[in-house]
Amino acid sequence: NAGVTQTPKFQVLKTGQSMTLQCAQDMNHNSMYWYRQDPGMGLRLIYYSASEGTTDKGEVPNGYNVSRLNKREFSLRLESAAPSQTSVYFCASSERLGQGRTEAFFGQGTRLTVV
Amino acid sequence: GESVGLHLPTLSVQEGDNSIINCAYSNSASDYFIWYKQESGKGPQFIIDIRSNMDKRQGQRVTVLLNKTVKHLSLQIAATQPGDSAVYFCAESPNTGGFKTIFGAGTRLFVKA
């Protein structure tokens, strides 16, 4: 089972360039998330999609946009990359299980460097 | 604001010993807590969770303890193995929907052979 697949795995951008990080899950989960992880810090939520057709801001949404293309896919776009967006980006998906357990499954991450 | 933090950034234990990783949280409204393990170059993986109406939950070699009085969460790993070496994150959510989960900074566990 593939689980959560992110592309690309590595990317170097120049300041001001744009790019889209792709994420797809094959677990039929309703909810999907984008996090960023900076050195020595935990994951911070950028945007999430509780279900197909909805998206909401997380803790650090500035400079990003998202699209929930369908139930499987949730993309993250940087319109004008800045060095402060250098980070490792993780996509995740989850489904509320019995008794409220919400286990999130994470992709392998995209290491983005903005120079 | 709300935060999830850890008492120790690194923990080194001898193989076979028990490990205890601690976490403090500040949001009394949080009612769902999760421990994740992150190995180098990989995304976090779910280890165990606990809801606020519980004090203790056990899994395979892992136990999570929740003390709501002092807003403290701990992860105990029995008979620690080299494969347990990783960064461990606690995370909290204000509801069991898991949205806007807040992660702590992580504790790196080193297991000495």
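Convention: sequence-line order gives letters A, B, ...; per-chain numbering from 1. Keep in mind the model is a prediction, meaning the values are calculated, not measured. The basis for the numbers below is simple: all heavy atoms, side chains too, and nothing from hydrogens, waters or symmetry mates.
For K9(A), no part lies under 4.5 angstrom from a heavy atom of chain B. Only the side chain of Q37(A) comes within contact range of chain B, judged by heavy atoms closer than 4.5 Å.
Using cut-offs of 30° and 60° on the angle between ring planes, the pair Y35(A) and F103(B) is perpendicular.
For residues 104-115 of chain A, a heavy-atom distance under 4.5 Å to chain B picks out A104(A), F106(A), G107(A), Q108(A), given by residue number.
The aromatic ring centres of F33(B) and Y25(B) sit less than 6.0 Å apart.
Evaluation of the salt bridge (charged side-chain N to carboxylate O under 4.0 Å, His left out) rule for K71(B) yields no partner, not counting sequence neighbours.
Y48(A) and S31(A) form no side-chain donor-acceptor contact under 3.5 Å, judged by distance and modelled atom types alone. Between the side chains of D38(A) and S87(A), at least one donor N or O lies within less than 3.5 Å of an accepting N or O. Between R77(A) and S18(A), the side chains place a donor N or O and an acceptor N or O closer than 3.5 Å (distance only, hydrogens not considered).
Linking ILVMFWY residues whenever their side-chain heavy atoms come closer than 4.5 Å, directly or via other members, leaves F90(A) and L76(A) in distinct clusters.
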